[in-house]
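Here's the structure, in structure tokens; my notes come after.
Order of appearance sets the numbers: ligands from 1, and atoms from 1 within every ligand.
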Amino acid sequence: MNMTNFKKNDIFEAEVLDLTHEGQGVVKIDSFPFFVDNALPGERIKMHVLKVGKSFGFGRVDEFISQSKHRVTQLNLDYLRTGIADFGHLSYDEQVKFKHKQVVDILRKTAGKSDYPVLPVVEAIKTINYRNKAQIPVQMIDGLLTTGFYRKNSHTLIPVEDFYIQHPEIDAVVLFLRDEFRKINLQAYDEKTRKGWLRNIVVRRAFHTGEMMITLVVTSKKLPEKVELVIDHLVERFTNIKSVQLNINSGTGSFILGKEFILLYGKDFITDLMLDKTYQISAPAFYQVNTPQAEKLYETAYDFAGLKPGDVVIDAYSGIGTIGISMADRVAKVYGMEVVPAAVENAKRNAQLNELENTHYEVGTAEKIMPKWLSEGIKPDVIFVDPPRKGLDEGFIKAAAMMNPRRIVYISCNPATFARDVVRFEAEGYLLDKVQPVDLFPQTHHIELVASFNKNKRG
Ligand code: SAH
């Protein structure tokens, strides 16, 4: 059958063959693939066609003829519709197996080898209610200010009260604010008319201390009437709130946060602990969303690094300094760099708070600072990298290799860019030794991993 023969609303009965890395079922009709939400491998479904493209299409389940024994049947389907938990319909054991396979497959596909040791995934103990951060969009629905999450690939808000994967106290804060804002008739921002004030509610809750930071993302500095009263009520009700801020975003893009923050209550940071070190975290700074799993991730990274007391270490993409600071008292010197100035301020302060005198932080991009440090003659024994999803820059990799470290430890939140960078590191003589996936994001398709590269040898 030719692909042009498929039409919207056609109905087929088919078996689900596979799962995409984002959790959609894959169905093939005469070898033409369709991607189907809420469909698991092994299930037989009656599917109707939603959309047909050149080389693939999208379908929807009309009816299950048989269901997978790994299906979690009691899941609220809004968690799939929004992508809050796009793997939530799959049992946790299977989620973890799938994530492992995904790392193995992408290394084979991209790096052309299947002999890379990928260790079994470090599973999470807490598989729901684990997130320490939420960014919740706000919209008017039928005249009522409503909090929830966008339907996937849209800006249509689906109301949600229990966000399933985040700490329940974060949900409670969001609901409290929603109800208080309803009482004062506050208007949420409307993307079409560009009217209204409140765009998003961002909540962070430190895992070990319970301290909370609330950021209201709004269109202007001017507080609508009675908002101050709402803040008073909020901090009275939740006494662990240590910071309330406005973030001004008057733009039309899809970025959540604007540049400017205004402090309304408390301090402009909250404090948490990781691996028994103290950290101040400010609103613009990155902080791993699953603290106990991030602690396991870091410990694996130190273990892979095989740190020695005389080591000079680089912590590239250092954020608020967590990776370097947790190990600084085990090595001679830590250098860190990070592009967000507020995060670097936090890192410097955090080094002081933990009474460390052997750390050095600079603001700037890793791809600029690494060649600069190379030319300044900095000679690290171990380099840690923890880049965002886009992975590393080629110039960074070359500079890192020219520094001639004993080992490079790579923390990645994106196996695809990681696999690409494996090829580049191996070309520079840094051979992949082992890979340890760590599940920081249960119920979702995201996977984190830590890997080590040794100079000219494996093992
Ligand atoms: N290691 C930290 C942060 C990791 S997240 C932790 O574990 O918490 C990645 C960090 O890289 C973020 O803080 C982000 O602001 C920073 N970043 C993004 N692009 C960068 C670049 N080109 N150069 C340096 N830092 C960058």
Side-chain angles (χ1 to χ4, degrees), residues 122 131-133 135 204 206-208 213 255-257 259 261 269-275 277-302 304-305 313-328 334-351 354 359-374 382-400 408-414 417-418 421 436 438 440-441 446-451:
V122 176
R131 279 185 66 99
N132 63 25
K133 183 183 179 185
Q135 307 194 116
R204 241 181 196 159
F207 179 84
H208 287 289
M213 168 183 277
F255 285 108
I256 293 180
L257 292 180
K259 282 212 169 76
F261 286 87
F269 62 85
I270 51 172
T271 302
D272 200 9
L273 302 172
M274 269 184 99
L275 299 172
K277 295 280 193 293
T278 304
Y279 295 97
Q280 291 185 355
I281 310 151
S282 65
F286 176 90
Y287 188 59
Q288 288 285 7
V289 297
N290 184 340
T291 306
Q293 286 300 96
E295 289 175 317
K296 289 187 203 162
L297 180 79
Y298 292 173
E299 279 181 321
T300 309
Y302 307 143
F304 281 12
V313 169
I314 288 180
D315 173 8
Y317 305 84
S318 50
I320 63 166
T322 44
I323 290 178
I325 287 171
S326 314
M327 65 173 165
V334 173
Y335 292 88
M337 98 281 277
E338 155 68 48
V339 75
V340 173
V344 175
E345 284 305 306
N346 287 156
K348 289 180 178 168
R349 178 87 189 108
N350 291 335
N354 293 290
T359 59
H360 169 87
Y361 291 97
E362 287 187 29
V363 181
T365 62
E367 49 277 27
K368 284 225 174 100
I369 293 200
M370 206 62 170
K372 178 176 99 89
W373 285 352
L374 173 67
V382 178
I383 298 175
F384 290 85
V385 301
D386 186 8
R389 292 188 64 75
K390 70 170 192 245
L392 298 172
D393 171 81
E394 275 199 275
F396 176 95
I397 291 176
K398 287 215 157 66
I408 295 169
V409 178
Y410 192 141
I411 295 178
S412 164
C413 57
N414 184 348
T417 54
F418 168 72
D421 293 343
Q436 174 65 75
V438 181
L440 264 67
F441 312 103
H446 294 285
I447 180 75
E448 191 90 10
L449 62 83
V450 49

**Message:** Quick check against the 3.5 Å criterion: does D272 have a side-chain atom that pairs as donor or acceptor with the backbone of F207?
**Reply:**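 A pair under 3.5 Å: yes.
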
**Prompt:** Any donor-acceptor pair under 3.5 Å linking the side chain of E338 with the backbone of G319?
**Reply:** yes

**Asked** Measuring from F441:CZ to Q288:CD, what's the distance to the nearest 0.5 Å?
**Response** 6.0 Å

**Request:** Indicate whether the side chain of Y279 and that of T322 have a donor and an acceptor atom separated by less than 3.5 Å.
**Result:**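 There is no such pair between these side chains.
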
**Asked** Which pairs, with at least one residue in residues 387-399 and sequence neighbours excluded, count as a salt bridge (charged side-chain N to carboxylate O under 4.0 Å, His left out)?
**Response** E394-R424, K398-E428

Exercise answer, ligand 1 polar atom pairs (N/O) under 3.5 angstrom:
residue, atom, partner, partner atom, Å
ligand 1, 1 (N), Y317, O, 2.9
ligand 1, 1 (N), D386, OD2, 2.9
ligand 1, 7 (O), Y298, OH, 2.6
ligand 1, 7 (O), D386, OD2, 3.1
ligand 1, 8 (O), Y298, OH, 3.4
ligand 1, 8 (O), T322, OG1, 3.4
ligand 1, 13 (O), E338, OE1, 2.6
ligand 1, 13 (O), E338, OE2, 3.3
ligand 1, 15 (O), E338, OE2, 2.7
ligand 1, 22 (N), E367, OE1, 3.2
ligand 1, 22 (N), E367, OE2, 3.4
ligand 1, 23 (N), A366, N, 2.8
ligand 1, 25 (N), V339, N, 3.3

**Message:** Side chains of D421 and I397, heavy atoms from C-beta outward: is any pair under 4.5 Å?
**Reply:** yes

